[in-house]
Amino acid sequence: MKLTAYRHPRPGWTRPRAAVAVGLACLAPAAAGAVLAVAGWLPDPAAFAGPGNAPPSPAHWLGTDVLGRDVASRLGWAAARFAGPASLAVVVALAVGGVLGVAEGLAGPVGRRAGRWTAQALDGVPKLVLVLLAASITRSDLGWTMAVVGLTFAPQVAGAVRASIERLRARAFIEAERCLGVGATRIVLLHILWGHSRRALVSQVTGVLAYAVLVESSLSYLGGALGVQEPSASWGNMLALARDGLFHGAWLPAAAPAAAICVTLLGFRLVGAGLLGALEDRP
Amino acid sequence: MSGPLVQVDGLCKSFRPPGFLAGGSRTPALRGVGFTLGGRELVGLVGESGSGKTTLGRCLLGLTAFDRGTVRVAGFRVDRLGRARRAFAREAQMVFQNPYAALDPAFRVRTILGEAVRVHGDRDEPTARQVERLADLVQLPRGRLDEFPGRLSGGERRRVAFARALATRPRFVVADEPVAGIDPPVQVQLLELVRRIHAARPLCLVLISHDLGAVRALAERVLVLYRGRLVEDAPATAFFGGRALHPYSRELLRSAYDAPEILAGPVGGVRRPAGRDQGCPYRHRCGRATGSGGAPCATIRPALDPCGPGHRVACHRWEEGEQP
Amino acid sequence: MSRGVRWQWLGWAVGQAGAAAVVLLGTSLVLFLVVEAAPGRGPDRLGTVTAAAGGPVAPRDRAGWAVRYGRWVAGAVRGEFGSSTAVQRGRPVAELLGSAARRSLSLSAAAFGLAVFAAAVVAAGRRVLPGAAGVAAWGVHLASALPVFLLVYGAVVWLNPAVARGAASGWWDAPGWFPFPSRPEGAAWWLGAGLLAVGDGFLADLCDRFSAQTDAVGAAGYRVGARLLRLPRLAVAVRATVPGVADHLAGRVTFLLGSLVVLESALGWPGLGYLAWRAAAERDLPVLLAVAVLLAVVVRTAAVAAGLVRAALDPRYRGSG
């Protein structure tokens, strides 16, 4: 498709396409690890397979941790285990945020105020404190914790939805659709959210995912019965377990999960920033 | 169904300054407009910028809520449409002022027209064929159907906008400035297109324009708005044939056709005195009122009264317009 | 400013404060109900609920939830949040909160100030040195990927041996803040504030936003007009950038407080965050509820303050209710 129309030079950090490409490349290792784990091509993550803190070898690509378990396998399994709860966070954030945002953008004065106040109330408590409350009450059930992560991100999603509705609602083409008799649901879903806001929504999704990774690894690292518990693997608790080894020169069991966390967070951020930067339709 | 297709009575609309608790007074846009339109008329609605043309057009289609008065279009009370909007959309449509903004830039023309067809069109015929017939109707090359609106020329966009409005087979169409801002040759083609469409379909068309040339080329009847009031309602032949009776209409015609005379014409202050003004709203710019004492002009607001066959005018001294 | 405008201002500000109060009440009510409905109340790691435990988990309170919530609010207004059930069992929550709140808020205020300053420098630097913009962009992207706990981890692992080596080789006497996470004082405190400012993408986000705002303002036609008119540049820049930035900053407070929880817990520094984490770990729900509501007050105050700043600089905003 030829798109030769002149575009204004955009203010922004980076070239959007480069950012998205690098971001996807950063997300690839975690995704590949999760796929390998689920496909069963990685050794048992809980088996004490060899000596502690062993260097990399063909049997253990990233060596073993202090208890002699395969680091690569634990990394992959942690990603695989986390995929479901993280998707739950995304679903909750999109559902609740979508409803709130549509209420704020389209409902009458009462509904609008109710939507805004609900969003403000949700946004008021620091996200991590709400997550701590949820983890504490549900005894650190990862699904519930991530659902609450999604819930705490609902105001952000609602803000994005509301902003695009308000930006587009007054535009003539939406009014023309209305005049044509197209239903409000179809206008909001197809024209506003899908037609003109999908990149913004996807960048919200990457924001939720990044925060989910951050919260999960933070809680698991801090321990205290809140995050993922041993013997289940999580990047956070792998890092916590490897801490003492660092002082004896065994840096790989700590560096591997640290790198996994950083690279994944970077990937989500770059994809989000790239999509936002590439927004076709700027006001 | 009995009665005229469009019936407007005492329509008033004023705009509130935006914001909660905002100060300032409301800006009136329409002050008691009333007229009726019959089955297959082609009406030109003219007036200067800010006279309320676009607001009136939007009120006719229920896109803007108004304060007082009634508007009935094809049996619908347009201020109480509610769930009947879809049924109403089959009766009345609008061609929007700015086709650059009125077509969703994220969808191809085929999708845009297809949506209108899917909502309203014939269920027996495939959507694609109906879309192509619409494109033929407005003389849009079929190849252009797969473009995004951003790649179309101004004239093509107007054709698409017309096609979309016609997709619902309406009996009443309001076209807001359909030829503003395009080249004269394309304007001529578009006007010709509008005339053909009007001839081919049972359609009542209101043409909102500040361009008297376009109105002269098409319209059979002319409505003149001045600051939210209808000041003249004349057959086009009379209006353009030297029998425009309201001084404001004459000013419009003069400014359109022999511009230099404006400089010599009587240009009074446009500002209105504060308080409730009972006089003729036009008298400050009017040569007749200032020229001859102006007893009724300053105290009594003229009503829109008949002055000839199919011709009404809101002026106390309209007879003075009879002599050239 | 005419009289009508002034009244409008006052009405707007009162409306904002009232809305904030309503929102806060709603927040605390929901939190209260969640805590009330939590299955298996009380600590499950440190034994059973004691009869002395007050507040929302007092087991003998058979009144309806509305009455109990009313009592809780009345107590909160008097500064009583019941007693801790686990963290320091039997101790009034208000006592625990007092000193913790002071420490935590000063630490987060320092981090906030550092981040705002650094982001403003980066945003201004991009306009002065356009060539460095790309480098700055990727630097900011990289910094955004560093969680606070990882920064703390790195600081502990890397800093302590380095200081120990320095002290052993006689370069300096053992500094007072060694080993690193010992006490939140002096250099360690400032280091903590710096980690809080950079970590969890806080600084990166501010850089993004500040740069976007300065770009947008720089591109706006009225800036050019103001330059031609020789209006004072700083005043024009402040008027144009601050309204957009203030809201965003207020919205980031919640993230900063979340990072504070992680930082304090990872370092073991006493403060609201550490309290929240321990209360969560030990299911000390009265403490957790009190911390949550206190932090909600902080967040909402920041939002109202941002709204006021914005309204003072951008008259359109007042209209939008």
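A, B, ... follow the sequence lines: proteins, then strands. Residue 1 opens every chain. Computed from a predicted model, the values in this text were never measured in an experiment.
Across B/Arg86 and A/Gly181, no two heavy atoms sit closer than the pair NE-O, 3.1 Å. Nearest heavy atom pair, residue B/Phe96 against residue A/Ala176, reads CE1-CA, 3.4 Å. The shortest non-hydrogen separation linking A/Cys179 to B/Ala89 is O-CB, 3.5 Å. Minimum heavy-atom separation, B/Ala106 to A/Gly195: CB-O, 3.5 Å. Between B/Arg164 and A/Glu177 the shortest heavy-atom distance is NH1-OE2, 3.9 Å.
B/Glu132 pairs by the salt bridge (Lys or Arg N to Asp or Glu O under 4.0 Å) definition with B/Arg110, B/Arg142, not counting sequence neighbours.
Within 6.0 Å of CH2 on A/Trp117 lie more than 12 heavy atoms contributed by other residues, nucleotides or ligands. Around CZ of B/Arg68, the count of heavy atoms belonging to other residues, nucleotides or ligands within 6.0 Å does not exceed 12. Annotation: B/Arg72, atom CZ; neighbour count of heavy atoms from other residues, nucleotides and ligands within 6.0 Å does not exceed 12. Shown here is B/Arg129, whose CZ atom has no more than 12 heavy atoms of other residues, nucleotides or ligands within 6.0 Å.
Comparing B/Pro149, B/Ala165, B/Ala101 by how many heavy-atom pairs each has under 4.5 Å with chain A, the most go to B/Ala101.
Partner A/Phe173 forms a side chain to side chain contact (heavy atoms under 4.5 Å, CB included) with one of B/Asp104, B/Leu103, B/Asn98 and no other, that one being B/Asp104.
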Checking side-chain contact (heavy atoms from CB on, under 4.5 Å) for the pair A/Glu175/B/Met94: CA distance, chi angles, key distance, verdict?
-> CA-CA 10 Å; A/Glu175 188 155 49; B/Met94 180 150 195; over 6 Å; no
Evaluate side-chain contact (heavy atoms from CB on, under 4.5 Å) for B/Phe107 paired with A/Leu190, printing each intermediate quantity in order.
-> CA-CA 10 Å; B/Phe107 293 89; A/Leu190 181 69; 4.0 Å; yes
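Proximity to chain A at a heavy-atom threshold of 4.5 Å picks out B/Arg58, B/Leu61, B/Leu63 from residues 57-65 of chain B, in numerical order.
For A/Arg178, the parts sitting under 4.5 Å from any heavy atom of chain B are the backbone and the side chain alike.
To the nearest 0.5 angstrom, A/His191 atom NE2 is 3.5 Å from B/Glu115 atom CD.
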